[in-house]
Protein chains: 2
Amino acid sequence: MPDLCLKSAYAVGMQTPEPTLADVAARAGVSVATASRALTGARPVSDTLHRKVRDASRELGYRRNAVASALRLQRTETVGLVLPRYTTGFLSALIESVSDGLERNDLSLVLRYSEPDALHDVGNVESLMARRVDGIIICPSSLEASQESIEAAGPVPIVQVGRFVITDRSDSVGLDEDRATQMLMAHLVERSARRVLVVGLDPDAPADARRIRALRGAAEGAADVDVAPFTAAVLDGGIRAAERLVAAGPGALPDAIVCANDDVASGVLAVLRMRGIAVPGRVQVASLLDLSPGREDLTVTTLRHPWPEMGREAVRLLLDAQQSRREPGAERIARRVSLAPQLVPGHSTRDRTVPTAPDSKETP
Amino acid sequence: MPDLCLKSAYAVGMQTPEPTLADVAARAGVSVATASRALTGARPVSDTLHRKVRDASRELGYRRNAVASALRLQRTETVGLVLPRYTTGFLSALIESVSDGLERNDLSLVLRYSEPDALHDVGNVESLMARRVDGIIICPSSLEASQESIEAAGPVPIVQVGRFVITDRSDSVGLDEDRATQMLMAHLVERSARRVLVVGLDPDAPADARRIRALRGAAEGAADVDVAPFTAAVLDGGIRAAERLVAAGPGALPDAIVCANDDVASGVLAVLRMRGIAVPGRVQVASLLDLSPGREDLTVTTLRHPWPEMGREAVRLLLDAQQSRREPGAERIARRVSLAPQLVPGHSTRDRTVPTAPDSKETP
DNA sequence: TTGTAAGCGTTATCAG
DNA sequence: CTGATAACGCTTACAA
């Protein structure tokens with residue numbers, strides 16, 4: 001007499017056993033095969049039996065055991081998401097959009113955080129493979145992490161999302177910040193900005209330096225781009241920078257101020273408003289980073305980062321890769337999707353048609 | 001000859017098959033049973049065989065198949081987390097802390113978002129049950145959702161987390177906001193606040209109305225509590241509210257301003273500083289909601305919501321429930337844990353010992 | 001259309 | 001201590 005430990009546990013009444021397909025079949029008076037076919041719809045089943053099975057299933061409160069199913073099908077209908085443990089609001093937007101995309105395809109999401117180092121990333125990927133996920137979406141914390149994770153994933157489809165992606169070995173969804181930054185500058189130049197001041201970016205930080213380069217590149221002689229002495233990229237930084245600027249006298253005022261993010265812009269705007277400097281009449285203000293995704297009543301011209309779209313796109317790539325993995329043919333070539341942040345015009349920059357009005361005044 | 005579809009797929013070379021325990025056993029020259037025992041450590045195995053198995057496993061790159069294991073053990077080592085699709089930063093703190101707690105116990109997290117209605121909550125619970133999760137942590141979006149979810153979970157342990165929890169039917173981790181709100185008011189009253197203005201709360205929103213009631217209740221005649229016209233509970237709302245207040249003249253200034261959250265408080269503080277109104281000398285400022293968990297350099301007195309602790313506590317309760325579910329004995333009684341937000345004193349309220357100094361001035 | 005039975009990969013029981 | 005083997009619950013090839 002073999003292993004009865006599980007059954008005997010039930011017998012003790014410790015818990016009600018979940019009804020199995022066999023139970024349903026027995027109650028409907030059919031074979032398990034028929035029951036399976038009736039419920040999954042994999043094969044045609046006569047109407048009468050179909051009904052019987054459905055009824056029996058309902059009566060017993062049957063729920064398909066996804067674990068057994070996964071073992072048989074060699075497919076868990078589960079996708080892993082690996083994220084660095086940064087506490088930025090963006091990642092939660094990414095989680096939501098990935099989750100949403102997966103749900104639409106009846107896939108489950110198993111989530112895993114990495115400390116921001118490559119080793120942990122790889123460990124998480126490994127552990128997801130042990131769970132036999134059908135695919136992995138990963139937001140690598142660095143380029144090395146990216147590289148190693150792809151290798152660790154081996155044959156399971158993996159999609160990289162975010163800023164640090166190795167592009168040739170796997171699908172990836174990147175952020176085209178340069179293009180967006182350039183769009184913002186073009187927006188300002190179109191609106192007659194000739195002297196532009198950048199506030200809240202740190203020229204010594206590589207990422208910020210790159211943004212500054214992108215701004216200068218887009219200005220291309222049409223405008224001068226100065227960088228204000230670095231202040232923290234928060235409200236207070238904006239306030240301090242603006243106060244310093246205003247204190248330097250009216251001649252020091254640029255046509256436009258580009259802020260590191262919405263918070264900085266709020267600070268700048270508050271100071272300008274209080275000093276009676278018209279926005280956007282005298283000075284235009286824009287932000288490189290929308291901090292409150294979801295808010296529609298923004299008044300400052302800003303760049304909205306497409307985290308929701310990135311999640312959806314990642315899911316799409318993953319499903320596509322799975323699809324083509326089932327077909328025998330040639331190796332699938334890696335896809336690289338690049339999304340640019342979206343320029344959201346607000347009231348802090350001018351209407352394109354309104355001409356420059358450098359001397360207009362406006363009280364708050 | 002039965003079903004060879006899976007093997008034949010391998011044979012075609014469509015993908016490398018993952019090595020199985022049988023492969024490892026064969027290579028090590030032992031039975032699968034021994035291989036299993038050697039790798040899991042469930043039973044003692046002689047040193048030599050142990051080594052052989054470990055070597056074979058490494059050489060083949062063997063990874064335990066968690067799906068098969070789960071089917072056999074009737075345990076997936078997986079916990080479901082169901083969240084409402086609000087876009088608040090807190091939920092992501094909750095996700096992180098739950099994830100962390102689970103990881104420490106070698107459990108996987110499968111995440112599911114509900115639209116904020118009961119039906120969707122129940123659907124998510126059902127779907128997690130189909131995946132045979134070992135437990136569920138749920139942040140219900142409403143009291144009805146809470147009720148129905150518990151019922152849907154049936155025998156699997158479920159822990160509720162958050163504001164809306166039915167307490168008698170399942171374990172729960174709640175938030176004692178009233179108590180925290182009262183503590184904040186007491187803090188201010190102790191510091192001689194007699195006229196308190198509330199900024200950024202919407203009296204028409206039930207949750208905000210409740211906070212206002214809690215503030216008034218705690219003031220209890222010791223202070224007057226006014227509510228400023230509603231502005232959005234964001235940075236800019238704080239700026240606007242403060243500007244309006246300052247414009248109304250010095251007589252309109254209260255002793256203390258309670259802001260809906262840190263962002264609002266930042267805005268208020270910025271304006272006050274710019275107008276040369278001393279904080280905390282002339283006006284004290286406090287916030288009902290810490291928005292940046294993790295930051296330690298806060299300068300504003302605020303209530304820190306214990307989301308990390310809530311996640312950890314939820315996991316603890318879940319594990320505890322699983323534990324006692326294995327033991328045959330009596331039914332486990334529901335545990336209710338209530339955590340209060342923590343009052344974090346900052347520089348925006350006075351030292352308790354410093355007396356009121358209503359006329360002091362201070363330049364920014 | 002339906003039934004029979006094999007097998008997905010692992011672990012626990014039982015017999016050596 | 002080790003090996004053979006029967007499940008776990010489901011899906012499908014094959015036979016009827």
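Quick note on labels: first sequence line is chain A, next is B, and so on, each numbered from 1.
- Rounded to whole Å, atom P of D:dC8 lies 13 Å from atom CG of A:Leu71.
- Candidate nucleotides D:dC8, D:dT11, C:dT13 were compared by shortest atom distance to the side chain of B:Arg43, and C:dT13 ranks first.
- When distances are taken from the side chain of B:Gln74 to each of D:dG9, C:dT11, D:dT11, the shortest belongs to D:dG9.
- Contact annotation for A:Val67: no contact, since no heavy-atom pair falls under 4.0 Å across all strands.
- Distance CG (B:Leu73) to C1' (D:dG9): 14 Å, rounded to an integer number of Å.
- Distance A:Leu60 CG to D:dG9 P: 14 Å, rounded to the nearest Å.
- Neither OP1 nor OP2 of D:dC10 sits under 4.0 Å from any side-chain N or O of A:Thr40.
- For the pair A:Arg27 and A:Asp55, the salt-bridge criterion is not met [side-chain N within less than 4.0 Å of a carboxylate O].
- When rounded to the nearest whole Å, the span between CG of A:Asn65 and C1' of D:dA7 equals 14 Å.
- Comparing the axis of the opening five pairs of the helix from C:dT1-D:dA16 to C:dG16-D:dC1 with that of the closing five pairs yields an angle of 40°, rounded to 10°.
- Inspection of the B:Arg336 and B:Ser172 side chains reveals an N or O donor paired with an N or O acceptor under 3.5 Å.
- Atom CG of A:Leu21 is separated from atom C1' of C:dA5 by 15 Å (rounded to the nearest Å).
- Taking only side-chain atoms of B:Ala42, from C-beta outward, the nucleotide of C:dA12, D:dA13, C:dT11 with the closest atom is C:dA12.
- One finds no side-chain N or O of A:Thr20 lying less than 4.0 angstrom from the OP1 or OP2 phosphate oxygen of D:dC8.
- Between B:Ser108 and A:Arg112, the side chains place a donor N or O and an acceptor N or O closer than 3.5 Å (distance only, hydrogens not considered).
- Residues of residues 26-37 of chain A having a heavy atom closer than 4.0 Å to DNA chain C, listed by number: A:Val30, A:Ser31, A:Ala33, A:Thr34, A:Arg37.
- If you find the closest nucleotide of DNA chain C to A:His50 and to A:Ala68, the one lying nearer the 5' end belongs to A:His50.
- Look at CZ on B:Arg63: it is 16 Å from C1' on C:dT10, rounded to the nearest Å.
- A donor N or O paired with an acceptor N or O is found under 3.5 Å between the base of C:dT11 and the side-chain atoms of B:Arg72.
- Along DNA chain D, the nucleotide nearest B:Leu49 and the nucleotide nearest B:Arg132 are compared for position; the residue whose nucleotide lies closer to the 5' end is B:Leu49.
- In this structure, CZ of A:Arg64 is placed 16 Å from C1' of D:dC8, rounded to the nearest angstrom.
- Inspection of the A:Arg43 and A:Ser36 side chains reveals no N or O donor paired with an N or O acceptor under 3.5 Å.
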